[in-house]
Amino acid sequence: MSTYRTHHCAELRLSHAGSEVTLSGWVASRRDHGGLVFVDLRDREGLTQVVFDPQNLPGSHDLRSEDVVRVRGKVAARPEGTANPKLATGEIEVHALTLDVLNRSETPPWPLDEENVNEDLRLQYRYLDLRRPRMTRHLRLRHAVASAVRAHLDGEGFVEIETPMLFKSTPEGAREYLVPSRVHPGLFYALPQSPQQFKQLLMVAGIERYYQMARCFRDEDLRADRQPEFTQIDLEMSFIEREDLYRLVEGMMRRVWKTALGVDLAIPFPRLSFREAMDTFGSDKPDRRFAMRLVDLTDAFRASAFKVFAGAVAAGGVVKAINAKGFADATQGQIDLLTEHAKAAGAKGLAWIKVEGGAWKSPIVKFFSDAEKAALAERLAVEEGDLILFAADAWAPACDVLGKLRTILAEILRKLGKLRIPENTWDFLWVVDFPLMTFDRDSQRHVSTHHPFTAPVPEDVPLLKTDPTKVRGQHYDLVLNGVELGGGSIRIHQPEVQRMVFEDVLKIPKEIADSRFGYLVKALSFGAPPHGGIAVGFDRLCAILCGAESIREVIAFPKNAKAQDLMTNSPGEAEPRQLRDLRIQAAKPQG
RNA sequence: GGUCGCGUAGCUCAAUUGGUUAGAGCGCCGCCCUGUCACGGCGGAGGUUGCGAGUUCGAGCCUCGUCGCGACCGCCA
């Protein structure tokens with residue numbers, strides 16, 4: 001038995017009354033009555049009230065927040081009327097017989113029970129921040145989720161395999177962290193953005209089912225849900241089709257939700273094509289917990305007197321609208337704000353109608369015919385108090401604009417109490433049938449919508465050379481409550497198809513394709529099995545399960561928004577000697 | 001790189017139109033207190049209002065610059 005404890009601080013109950021126990025932990029709070037001292041002793045499990053008689057234990061007067069102590073004492077039922085129903089151990093207390101101060105604590109820089117505190121400070125003293133029960137809960141939930149994932153994948157025959165952190169620079173995609181090689185001066189490794197290529201090589205190696213809690217690195221600007229290093233549940237399987245993978249991930253998520261929240265998720269998750277998602281929600285990661293669907297009005301305004309609409313249709317575009325129910329009382333400022341967002345999303349302006357006092361108030365409604373008004377009223381189910389917002393443009397930008405407005409409106413209406421987004425609703429879905437290629441106007445060439453290893457849908461392969469943007473990829477995104485949780489694809493496993501994508505479709509010069517991806521194409525040529533996989537954002541997953549706003553809340557030692565670690569003060573300068581060894585000269589910023 | 005927001009005591013926040021010596025709660029220090037659990041009582045310490053200029057008789061408040069932090073946009077195959 002430990003000399004430090006016989007029980008933890010959330011363990012003792014009335015049934016223990018009379019027994020002698022030893023507890024160790026931190027002083028969470030003290031209430032010194034002079035002749036009697038109460039201390040809430042905290043360990044990772046919870047709180048226990050310890051009662052000291054300072055005549056016998058004078059040191060109890062000197063206890064301070066966060067001192068580490070060991071207490072031996074007798075468990076006693078609390079006197080009549082003094083039980084604390086807020087504590088699991090609230091029926092009892094420990095009457096201290098001995099007190100050992102194992103370590104003193106400086107006064108904490110902020111009261112640890114204060115939730116709303118400057119994040120700088122929390123990150124600078126992260127070890128104190130993590131003592132708080134909420135953060136302890138986050139880390140332990142994260143562990144429980146990781147365990148559930150491992151248990152599930154183990155049960156499905158997966159093998160956990162580590163892949164290198166020191167990888168090769170592949171300049172496509174996210175900016176990478178470069179690592180200089182001392183042995184090869186002037187040459188660099190890169191930290192992996194994901195183990196993508198290795199997991200495919202493991203399939204060629206015949207592993208068949210691989211997974212890894214993979215640390216990934218991206219040297220891009222940060223967000224609340226983005227860190228320079230983050231963790232993915234990364235997995236890959238051979239001899240599967242998309243549906244096989246959906247089933248696997250659905251089972252895994254079901255297990256995770258059961259473990260973490262005790263919730264039975266409904267599976268299978270619905271599937272929505274990219275086209276349909278954009279068309280009805282204006283997003284490839286739609287939050288369907290609220291309606292506010294995009295409605296198509298193209299045919300109704302084909303011949304409209306309102307030239308903005310008719311013109312868009314004539315140019316091959318669409319007219320679409322959404323109904324922000326109950327927002328007819330939007331202020332001019334709010335309309336302006338929405339217009340700003342619409343413009344930022346690529347719209348030229350924002351047409352709107354307020355339905356107030358039985359009338360349609362709008363700068364544009366005078367152009368509408370009765371038939372057009374009737375179509376509007378019917379398709380948007382227009383009622384008193386509604387605010388209708390329009391987009392008239394080519395299909396993709398029109399959907400995009402309204403999709404962004406939809407998200408913003410939902411947030412505004414939710415705050416105003418006009419839209420209720422149900423809590424504890426887990427709206428999972430698969431978004432599928434993405435276009436394999438997107439035409440990039442800047443570089444005037446086709447780029448992979450996701451990555452160049454995604455296999456085309458078999459029946460679309462003939463279009464690869466003729467009309468690449470029409471080719472659907474076997475890519476899938478896992479979406480939860482409007483958050484992209486993960487994505488993956490069935491990969492190309494025939495070397496000639498992979499080579500064609502690199503050279504004929506993406507127009508990557510042969511030498512570059514060879515030097516960057518030659519080993520992969522070569523590997524495919526040695527009997528690569530059909531395979532595919534997915535990467536699920538583990539930090540985001542944990543944040544959602546914890547109800548946290550930011551993934552920083554579920555990472556033990558995260559970086560701040562400037563990618564710094566405020567506790568260790570990194571990044572920091574390197575010694576001149578280190579730089580000399582690496583043959584690197586730091587170009588100091590001006591000033 | 002851009003837009004917006006924030007920066008006042010250790011922490012969370014006040015400070016009327018630009019006007020006296022910048023306040024409160026918590027925390028901290030000292031004394032008192034045997035049933036508290038947001039313990040209570042009395043007393044005390046603690047401030048370059050992020051920094052620098054400017055306007056003004058006078059700036060926490062206005063202007064400009066700068067630094068820091070955050071959110072978003074760009075970016076994230």
Side-chain angles (χ1 to χ4, degrees), chain A residues 28-42 47-55 60-62 64-66 76 78-87 89-90 93 95 106-125 128 170-176 193-194 196-197 216-228 230 337 340-341 343-346 404 407-408 411 434 436-438 440 442-443 446-454 473 475 484 487 489 501-502 506 508 516-517 535 537 549-550 552 560-562 564 566 591:
Chain A
S29 73
R30 95 200 120 92
R31 296 174 291 280
D32 189 339
H33 289 226
L36 186 69
V37 179
F38 297 98
V39 163
D40 289 339
L41 192 65
R42 185 195 71 237
L47 294 177
T48 298
Q49 173 165 285
V50 180
V51 186
F52 293 91
D53 175 358
Q55 292 223 298
S60 58
H61 280 310
D62 302 323
R64 293 294 181 271
S65 289
E66 300 309 312
R78 292 200 186 184
E80 187 78 34
T82 63
N84 185 348
K86 284 186 258 176
L87 286 186
T89 58
E93 60 196 10
H95 293 175
E106 303 259 329
T107 301
W110 80 92
L112 296 193
D113 55 3
E114 172 66 62
E115 273 295 322
N116 176 26
V117 87
N118 192 342
E119 199 175 10
D120 285 10
L121 205 60
R122 293 177 54 201
L123 292 176
Q124 192 187 340
Y125 297 93
L128 295 181
T170 54
E172 280 77 21
R175 192 177 299 122
E176 300 168 316
Q193 308 165 31
S194 81
Q196 178 62 35
Q197 295 176 47
C216 306
F217 303 86
R218 292 183 188 170
D219 188 7
E220 297 288 353
D221 284 354
L222 281 64
R223 291 285 188 284
D225 63 353
R226 267 197 250 156
Q227 283 273 304
F230 59 101
L337 181 79
E340 285 304 309
H341 281 288
K343 284 182 176 171
K404 292 201 162 112
T407 307
I408 294 159
E411 186 55 25
F434 285 84
L436 187 66
M437 305 286 167
T438 315
D440 181 52
D442 293 341
S443 58
H446 291 100
V447 295
S448 297
T449 308
H450 294 98
H451 61 56
F453 317 114
T454 303
H475 180 98
E484 184 190 327
S489 61
V501 167
F502 284 142
L506 297 175
I508 300 174
R516 278 183 202 156
F517 305 114
E549 292 288 318
S550 158
R552 291 190 295 265
N560 71 1
K562 294 282 187 315
Q564 294 162 312
L566 296 177

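Every value quoted in this text rests on a predicted model; they were computed, and no experiment measured them. Numbered from 1 within each chain, the chains take letters A, B, ... in sequence-line order.
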Checklist entry - Can you find a side chain N or O atom of Arg64(A) that sits less than 4.0 Å from OP1 or OP2 on C29(B)? => result yes
Next on the checklist: Would His446(A) and Asp440(A) count as a side-chain hydrogen bond (donor to acceptor under 3.5 Å, both in side chains) here? Give the steps.
Outcome noted: CA-CA 6 Å; His446(A) 291 100; Asp440(A) 181 52; over 6 Å; no
Item to check | Donor-acceptor under 3.5 Å (Gln564(A) side chain, Leu566(A) main chain) | outcome: no
Checklist outcome for this item: CZ (Arg122(A)) and CG (Leu112(A)) are apart, to the nearest 0.5 Å, by 11.0 Å
Checklist entry - Taking the C1' atom of each, how far is G23(B) from C4(B), in whole Å? => result 30 Å
Checklist entry - Whole Å only: how far is the CD atom of Gln124(A) from the C1' atom of C69(B)? => result 13 Å
Next on the checklist: Would you measure the distance from the C1' atom in A45(B) across to the matching atom in C29(B) and give it in whole Å?
Outcome noted: 7 Å
Checklist entry - Within the structure shown, what part of the strands sits under 4.0 Å from Arg552(A) by heavy-atom distance: base, sugar-phosphate, or nothing? => result sugar-phosphate
Checklist entry - So does Lys404(A) get a side-chain nitrogen or oxygen closer than 4.0 Å to the phosphate oxygens (OP1/OP2) of C73(B)? => result no
Show me the side-chain donor-acceptor pairs of residues 217-224 of chain A shorter than 3.5 Å, one per line, residues at least two apart or across chains.
from      : atom 1 : to        : atom 2 : distance (Å)
Arg218(A) : NH2    : Gln193(A) : O      : 3.3
Glu220(A) : OE2    : Arg175(A) : N      : 2.8

Checklist entry - Glu66(A) has an atom CD; how far is it from atom P of C28(B), in whole Å? => result 11 Å
Item to check | C1' atoms of C13(B) and U8(B), separation to the nearest Å | outcome: 9 Å
Checklist entry - For A38(B), what is the paired nucleotide under Watson-Crick or G-U wobble rules, both distances under 3.5 Å? => result none
Next on the checklist: If I take atom CD in residue Glu106(A) and atom C1' in nucleotide G27(B), what distance separates them, rounded to the nearest angstrom?
Outcome noted: 15 Å
Next on the checklist: I'd like the C1' distance from U3(B) over to U17(B), given in whole Å.
Outcome noted: 31 Å
Item to check | Rounded distance in Å - CD (Glu220(A)) to C1' (G2(B)) | outcome: 16 Å
Item to check | Span that lies between the C1' atom of G7(B) and that of G43(B), in whole angstrom | outcome: 33 Å
Next on the checklist: Base, sugar-phosphate or nothing for Asn560(A)? Non-hydrogen atoms, less than 4.0 Å.
Outcome noted: sugar-phosphate
Checklist entry - For Arg226(A) and G74(B), is the shortest distance between a side-chain N/O and OP1 or OP2 below 4.0 Å? => result no
Checklist entry - Across all strands shown, which nucleotide pairs with C76(B) by Watson-Crick or G-U wobble geometry, both distances under 3.5 Å? => result none
Next on the checklist: Please report the distance, rounded to the nearest Å, between CG in Leu36(A) and P in G35(B).
Outcome noted: 7 Å
Checklist entry - Which is true for Asp120(A) with a 4.0 Å heavy-atom rule: it touches a base, it touches only sugar-phosphate, or it touches nothing? => result sugar-phosphate
Item to check | For G68(B), the Watson-Crick or wobble partner whose two distances fall under 3.5 Å | outcome: C6(B)
Checklist entry - Taking for each residue the nucleotide of RNA chain B bearing the nearest heavy atom, is the 5' side occupied by Glu93(A) or by Ser448(A)? => result Glu93(A)
Checklist entry - Given Phe453(A) and Phe517(A), is the ring-ring contact (aromatic ring centres under 6.0 Å, His included) satisfied, shown in steps? => result CA-CA 10 Å; Phe453(A) 317 114; Phe517(A) 305 114; 5.6 Å; yes
Checklist outcome for this item: Taking a pair to mean Watson-Crick or G-U wobble geometry with both distances below 3.5 Å, A24(B) pairs with U12(B)
Checklist entry - Rounding to a whole Å, what distance do you find between Leu47(A):CG and A38(B):C1'? => result 14 Å
Item to check | Distance, C1' atom - from G18(B) to A59(B), rounded to whole angstrom | outcome: 6 Å
Checklist entry - Looking only at side-chain N and O atoms, does Gln564(A) come under 4.0 Å of OP1 or OP2 in C69(B)? => result yes
Pairwise N/O distances under 3.5 Å, protein to nucleotides 9-15 of chain B:
from   : atom 1 : to        : atom 2 : distance (Å)
G10(B) : O2'    : Pro109(A) : O      : 2.3
U12(B) : OP1    : Asn118(A) : N      : 2.8
U12(B) : O3'    : Asn116(A) : ND2    : 3.3
C13(B) : OP1    : Asn116(A) : ND2    : 3.2

Item to check | Charged N-O contact under 4.0 Å between Asp40(A) and Arg30(A) | outcome: no
Item to check | For Thr170(A) against Gln197(A), the heavy-atom pair lying closest together | outcome: CG2-NE2, 3.9 Å
Next on the checklist: What is the separation between atom CD1 on Ile408(A) and atom C1' on A71(B), rounded to the nearest whole Å?
Outcome noted: 13 Å
Item to check | Residue met sooner reading RNA chain B from 5', once Arg175(A) and Asp32(A) are mapped to nucleotides | outcome: Asp32(A)
Checklist entry - Counting side-chain heavy atoms from CB outward, which of U36(B), A71(B), C75(B) is closest to Arg78(A)? => result U36(B)
Item to check | Asp53(A) CG to U36(B) C1', straight-line distance once rounded to whole Å | outcome: 15 Å
Checklist entry - Mind checking who G19(B) pairs with, Watson-Crick or G-U wobble, both distances under 3.5 Å? => result C57(B)
Checklist entry - Any donor-acceptor pair under 3.5 Å joining the side chain of Arg223(A) to the base of G70(B)? => result no
Item to check | Face-to-face stacking of His33(A) with U36(B), centres under 5.5 angstrom, angle under 30° | outcome: no
Checklist entry - When you measure from the side chain of Lys86(A), which nucleotide among G35(B), A38(B), G70(B) comes out closest? => result A38(B)
Item to check | Atom C1', compared across G52(B) and G19(B): separation rounded to whole Å | outcome: 24 Å
Next on the checklist: Nearest to the Asp221(A) side chain among C39(B), G74(B), G35(B), which nucleotide is it?
Outcome noted: G74(B)
Checklist entry - Can you check whether Leu47(A)'s main-chain N or O pairs, donor with acceptor, with Thr89(A)'s side chain at less than 3.5 Å? => result yes
Checklist entry - Can you tell me if Arg64(A) uses its side chain to pair, donor with acceptor, with the backbone of Glu106(A) under 3.5 Å? => result no
Checklist entry - Can you tell me if the side-chain N/O atoms of Arg30(A) get under 4.0 Å from OP1 or OP2 in C28(B)? => result yes
Next on the checklist: Once you apply a heavy-atom cut-off of 4.0 Å, does Ala344(A) come out as touching a base, just sugar-phosphate, or nothing?
Outcome noted: nothing
Item to check | Side-chain donor-acceptor contact under 3.5 Å, Glu119(A) with Ser550(A) | outcome: no
Checklist entry - Given the C1' atoms of G54(B) and G68(B), what is the spacing between them in whole Å? => result 22 Å
